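Before any comments, here is the structure.
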Amino acid sequence: MAKSASPSSVPRRRSRPRAASPTRAPSGVPCSARRRAKRSSFASPPAISPTRSSASASRGAVAMDWADELAQQAVGPQVVNDSKTPSGTVHVGSLRGPVILDVITRALRAQGVRTTLLYGVDDLDPMDAQALLTPDAIDREMGRPLAHVPDPAGDCHASYARHFAGIFIDVFAGLGINPDRYYWMSDIYPTGAMDPYIRLALDRAPLVREIYRRVANVQHPKTWHPIGVICPTCGKVGTTIVSKWDGERVYYECRADLVTWARGCGSSGWISPFGGAAKLPWNLEWAAQWSHFGVTIEPGGKDLSTAGGSRDRSDAIAREVFEREPPLNVPYEFLNIGGRKMSTSKGRGAAAHSIAEVIPPEQLRFLFLRPRPNQAIEFDPEGTDAIPRLFDEFDRFAAATAGREVKGELTPGFEATFRYALLDPEADVAAEAAAFRPAFAHLALLLQIPGVDVAARVEAEKGSPLTAHERGILDRRVAAARAWLDGYAPDTARLTVRHDALPDAAGALETEQRRFLAGLSTAAKAASPAGGDAWQTLIFAAAAAQELPARRAFEAIYLAFLGRPNGPRAGWLLASLDASSVLVRLDEAAGVAVAGAAEGGAS
RNA sequence: GGGCCGGUAGCUCAGCGGCAGAGCACGGGACUUUUAAUCCCUUGGUCGUGGGUUCGAAUCCCACCCGGCUCGCCA
């Protein structure tokens with residue numbers, strides 16, 4: 001397993017840098033926080049060490065997926081955490097992190113490890129995107145904490161932050177991700193819970209500056225202090241800078257030109273940074289969250305997990321400033337759409353809610369959790385069969401989990417992958433695996449034939465009535481297939497009956513096929529077939545009369561009506577069309593045969 | 001410039017020291033009623049390149065090439 005994911009925190013732990021002045025936790029830290037920190041450091045990174053899984057584990061009887069492998073290393077209770085700035089809508093790619101969090105949590109619990117899943121909303125972060133603000137609001141709101149910016153939608157939410165956080169919380173819930181607790185930094189700071197960390201950060205400001213310089217090559221001025229005061233005059237947090245700390249108060253300035261995206265009011269003065277009057281800069285806030293909540297595992301996207309990046313800085317701050325081993329990092333790669341980064345501005349990678357129309361939650365979870373986290377996912381849903389294949393793979397995993405024989409190879413731990421893809425962690429896995437799932441591509445086809453009773457066809461395929469649960473699966477898939485045909489399917493998957501004229505491709509009809517079409521036309525005029533069954537019978541009869549193999553007979557029909565050599569069940573297709581125009585087309589196609597043959601013979 | 005991931009069949013990927021694999025696509029066949037379903041068979045390869053280690057390398061080591069993302073503001 002030499003190549004197994006080896007979260008970067010492992011080697012780094014060995015060369016753990018020591019703080020210049022290794023002091024004990026300061027007396028200012030309340031007992032509760034201190035105890036929490038102590039207990040968690042006991043149960044944290046040293047207690048869980050991935051990689052190492054080693055030859056013996058992989059050769060063992062039980063094939064595991066990555067989440068189980070990771071969970072197996074855990075010792076003691078775990079706290080899994082992530083947090084997010086609620087600055088806008090969520091796009092699909094950003095759901096990989098939450099899915100990974102959830103799967104890790106489920107894997108831990110499956111091994112009997114007591115696990116808490118937390119999700120933080122960093123809603124004191126400054127507003128820095130003006131896209132959703134009205135022009136007159138930009139000057140006023142940019143730079144204020146998101147929790148203090150009014151809801152742009154004007155719907156019953158208390159703030160911009162609550163509005164957008166509400167959206168992603170809903171999306172998470174729809175994906176079966178239900179953290180034990182959502183915490184809001186705008187709630188945490190006023191309780192004073194962050195005060196001990198604020199005090200530590202300020203007391204050790206030189207150390208913090210040194211860490212930024214050493215780890216990230218970021219040079220702050222000598223007077224820079226790691227705290228962001230919320231300006232008591234204009235309410236902005238993005239525009240203030242602190243240059244002095246006297247042990248109880250800081251000296252702040254709200255500068256007009258500190259940042260380009262927001263304008264400060266110019267006020268300044270001494271103020272207490274405690275109790276919600278100020279917030280820690282991101283890297284410190286992150287480390288403070290780890291200590292406060294006793295976080296032991298926190299996956300991070302590659303944007304954070306890069307060398308010298310945010311995660312490195314926060315790790316160093318956790319160790320040296322707050323004196324706690326940082327949580328285990330599970331770095332994860334992103335989702336690329338069509339080989340490129342997804343980007344809403346370029347129309348790629350749609351917002352989460354729009355992709356959800358085409359990919360139901362369980363398939364979306366499956367997409368995210370099947371590859372190891374450190375592997376980028378290439379997904380190109382537009383104009384490809386990527387979505388049908390995603391369903392097929394999911395169905396294959398389901399079938400294998402149900403003990404049915406399955407074509408091809410299966411990745412190790414496929415049962416776990418299937419189980420974790422399910423929406424409900426308490427689901428009856430065996431029953432879910434055994435449920436009948438109609439093939440996505442087949443549904444997409446049936447949907448395009450007018451007059452087909454899809455549910456009846458699916459029941460016929462299954463051979464027995466659908467259960468209520470299977471009916472639900474079918475309904476979701478039908479909706480997804482419709483959306484797929486609407487916006488994603490390649491032309492080859494779309495079916496269009498040429499009503500106007502004989503398709504060009506019909507020129508390829510051979511003499512026997514044309515004779516068959518003529519015969520079918522004659523028979524149809526006599527019998528006036530009423531339904532798909534009747535047409536189907538007629539087709540076989542006409543083919544037999546011409547001694548034409550059924551395959552070639554069907555091909556003739558498809559060429560005449562669709563301009564392609566194959567198609568949906570022909571009887572039902574013809575039955576769905578206007579009867580007289582069907583006859584006209586049959587004659588037309590058969591007639592062209594004569595003309596074409598004549599020309600061919602002449603030359 | 002630093003970091004991460006990848007480069008194996010047309011596509012998506014598995015394999016990670018012991019005969020180069022799967023799914024899909026393609027090609028062929030079967031099927032008197034599921035005809036874009038289902039079943040069977042076949043084709044398909046310079047495992048990115050060059051060195052090294054080894055009895056043996058897609059696999060381990062070194063160097064390089066290519067692609068993508070990411071960081072060096074802020075969060």
Side-chain angles (χ1 to χ4, degrees), chain A residues 1-5 8 58 83-87 93 122 124-129 143 146 215-218 228 237-238 258-262 279 281-283 285-286 301-313 331-336 338-342 370-380 384-386 388-390 392-393 396 406-412 438-439 441-442 444-446 448-449 457-458 460-461 463 492-493 495 532-541 543-544 549-555 557-558 562 564-573:
Chain A
M1 291 297 272
K3 260 179 113 175
S4 78
S8 53
S58 63
S83 63
K84 181 171 167 54
T85 305
S87 52
D122 297 329
L124 282 187
D125 292 353
M127 177 80 184
D128 65 355
L146 291 164
V215 177
N217 199 25
V218 171
V237 67
L258 184 70
V259 292
T260 55
W261 42 273
K279 81 179 279 291
W282 194 50
N283 291 123
E285 185 170 282
W286 202 3
K302 72 142 58 169
D303 52 337
L304 309 177
S305 304
T306 191
S310 268
R311 181 60 199 234
D312 271 4
R313 274 175 256 175
Y332 59 89
E333 275 277 347
F334 290 161
L335 172 76
N336 296 326
R340 317 203 125 235
K341 174 176 106 154
M342 70 174 35
R370 187 175 36 160
R372 289 185 171 277
N374 65 350
Q375 189 142 23
I377 300 176
E378 300 294 338
F379 191 69
D380 187 3
T384 70
D385 59 353
R389 291 216 329 244
L390 176 64
D392 290 347
E393 269 299 284
R396 218 165 66 91
V406 147
K407 285 204 298 189
E409 299 165 347
L410 287 163
T411 50
H442 192 41
L445 176 69
L446 291 174
Q448 297 180 79
I449 310 171
R457 297 274 310 115
V458 168
E461 227 170 275
T492 53
L495 206 79
D533 275 319
W535 270 107
Q536 196 80 353
T537 308
L538 217 54
I539 292 167
F540 278 99
R551 177 195 193 79
R552 311 246 338 266
F554 282 105
E555 188 185 81
I557 291 172
Y558 297 131
L562 306 174
R564 43 192 299 163
N566 47 33
R569 301 181 71 208
W572 283 262
L573 174 66

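Bear in mind that the values here come from a model prediction, so they are computed numbers and not experimental data. A, B, ... follow the sequence lines: proteins, then strands. Residue 1 opens every chain.
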Problem set entry | Nucleotide of B/A75, B/A37, B/C69 approaching A/Lys302 most closely (side-chain heavy atoms) | B/C69
Seminar exercise, completed: Residue pair A/Trp261/A/Asp303 against RNA chain B: nearer the 5' end by closest nucleotide is A/Asp303
Exercise. Does any donor-acceptor pair link the side chain of A/Thr306 with the base of B/G72 at a separation under 3.5 Å?
Worked result: no
Exercise. When you compare B/C5 with B/C61, how far apart are their P atoms, in angstrom units rounded to a whole number?
Worked result: 12 Å
Seminar exercise, completed: From the candidates B/C5, B/C24, B/A37, the one with an atom nearest any side-chain atom of A/Asp385 is B/C24
Exercise. For B/A63, what is the paired nucleotide under Watson-Crick or G-U wobble rules, both distances under 3.5 Å?
Worked result: B/U49
For this session: Take the protein atom CZ of A/Phe554 and the nucleotide atom P of B/U38, then report the distance between them rounded to whole Å.
Result: 16 Å
For this session: Could you give the distance separating B/C60 and B/C55 at their C1' atoms, to the nearest angstrom?
Result: 16 Å
Exercise. Between A/Leu304 (CG) and B/C69 (P), how many Å, whole number?
Worked result: 18 Å
Problem set entry | Rounded distance in Å between the C1' positions of B/C41 and B/U46 | 28 Å
Problem set entry | Between C1' of B/A14 and CD1 of A/Ile377, the distance in whole Å | 16 Å
Exercise. On a whole-Å scale, what distance lies between the C1' atoms belonging to B/G67 and B/A25?
Worked result: 24 Å
For this session: Between B/G6 and B/G48, how far apart are the C1' atoms? Round to whole Å, please.
Result: 11 Å
Problem set entry | Pairwise distance OG1(A/Thr260) to CG(A/Asp128) - rounded to 0.5 angstrom | 10.0 Å
For this session: Hunt down the Watson-Crick or G-U wobble partner of B/C4, both distances under 3.5 Å, from any strand shown, or write none.
Result: B/G68
Exercise. For the side chain of A/Ser87 and the base of B/A75, is some donor closer than 3.5 Å to an acceptor across the two?
Worked result: no
Exercise. By centroid distance (under 5.5 Å) and plane angle (under 30°), are A/Phe540 and B/U33 in a stacked arrangement?
Worked result: yes
Exercise. Can you find a pair of side-chain heavy atoms, one from A/His442 and one from A/Val458, that are under 4.5 Å apart?
Worked result: no
For this session: Respond yes when some side-chain nitrogen or oxygen of A/Arg313 is under 4.0 Å from OP1 or OP2 of B/C71, and no when none is.
Result: no
Exercise. Nearest of B/A75, B/G3, B/U34 to any side-chain atom of A/Arg457?
Worked result: B/U34
For this session: Hey, could you give me the CE/CH2 distance between A/Met127 and A/Trp261, rounded to the nearest 0.5 Å?
Result: 10.0 Å
Seminar exercise, completed: dist A/Leu304:CG -> A/Arg313:CZ (nearest 0.5 Å) comes out at 10.0 Å
Seminar exercise, completed: Rounding to 0.5 Å, atoms CH2 (A/Trp282) and CG (A/Asp122) come to a distance of 8.0 Å
For this session: Any strand is fair game: report the nucleotide pairing with B/C74 by Watson-Crick or G-U wobble, both distances under 3.5 Å, or none.
Result: none
Exercise. In whole angstrom, what separates A/Leu445's CG from B/U38's P?
Worked result: 11 Å
Exercise. Roughly how many Å is it from CG in A/Asp125 to C1' in B/C73, rounded to a whole number?
Worked result: 15 Å
For this session: Look at the side chain of A/Arg389 and decide which nucleotide, out of B/U33, B/G23, B/A75, has an atom nearest to it.
Result: B/G23
Exercise. Between A/Pro371 and A/Pro281, which is nearer to the 5' end of RNA chain B once each is assigned its nearest nucleotide?
Worked result: A/Pro371
Exercise. Roughly, in whole Å, what's the span from CG in A/Asn374 to P in B/G3?
Worked result: 17 Å
Problem set entry | Base partner of B/G23, which must satisfy Watson-Crick or wobble distances under 3.5 Å | B/C11
Problem set entry | Atom C1', compared across B/C73 and B/C47: separation rounded to whole Å | 42 Å
Problem set entry | Same-atom distance (C1') from B/U8 to B/U59, integer angstrom | 11 Å
Exercise. Just wondering, do A/Asn374 and A/Pro331 contact through their side chains at under 4.5 Å, heavy atoms?
Worked result: no
Exercise. Looking at B/G68, B/U33, B/G72, which one has an atom nearest to any side-chain atom of A/Thr537?
Worked result: B/U33
Exercise. Please walk me through it: do A/Trp535 and A/Ile557 pass side chain to side chain contact (heavy atoms under 4.5 Å, CB included)?
Worked result: CA-CA 12 Å; A/Trp535 270 107; A/Ile557 291 172; over 6 Å; no
Exercise. Considering only B/G72, B/C5, B/A75, which nucleotide approaches the side chain of A/Pro126 most closely?
Worked result: B/A75
Exercise. Can you tell me how far C1' of B/U32 sits from CG of A/Leu538, to the nearest Å?
Worked result: 14 Å
Seminar exercise, completed: From CH2 of A/Trp286 across to P of B/C74 the rounded distance in Å is 14 Å
Problem set entry | Phosphate OP1/OP2 of B/C69: any A/Gln375 side-chain N/O under 4.0 Å | no
For this session: With C1' as the reference atom in both, quote the distance from B/G21 to B/G1 in angstrom, rounded to an integer.
Result: 40 Å
Exercise. Counting only Watson-Crick or G-U wobble pairs whose two distances fall under 3.5 Å, which nucleotide matches B/C16?
Worked result: none
For this session: Enter the distance from A/Asp392:CG to A/Arg389:CZ here, rounded to the nearest 0.5 Å.
Result: 8.5 Å
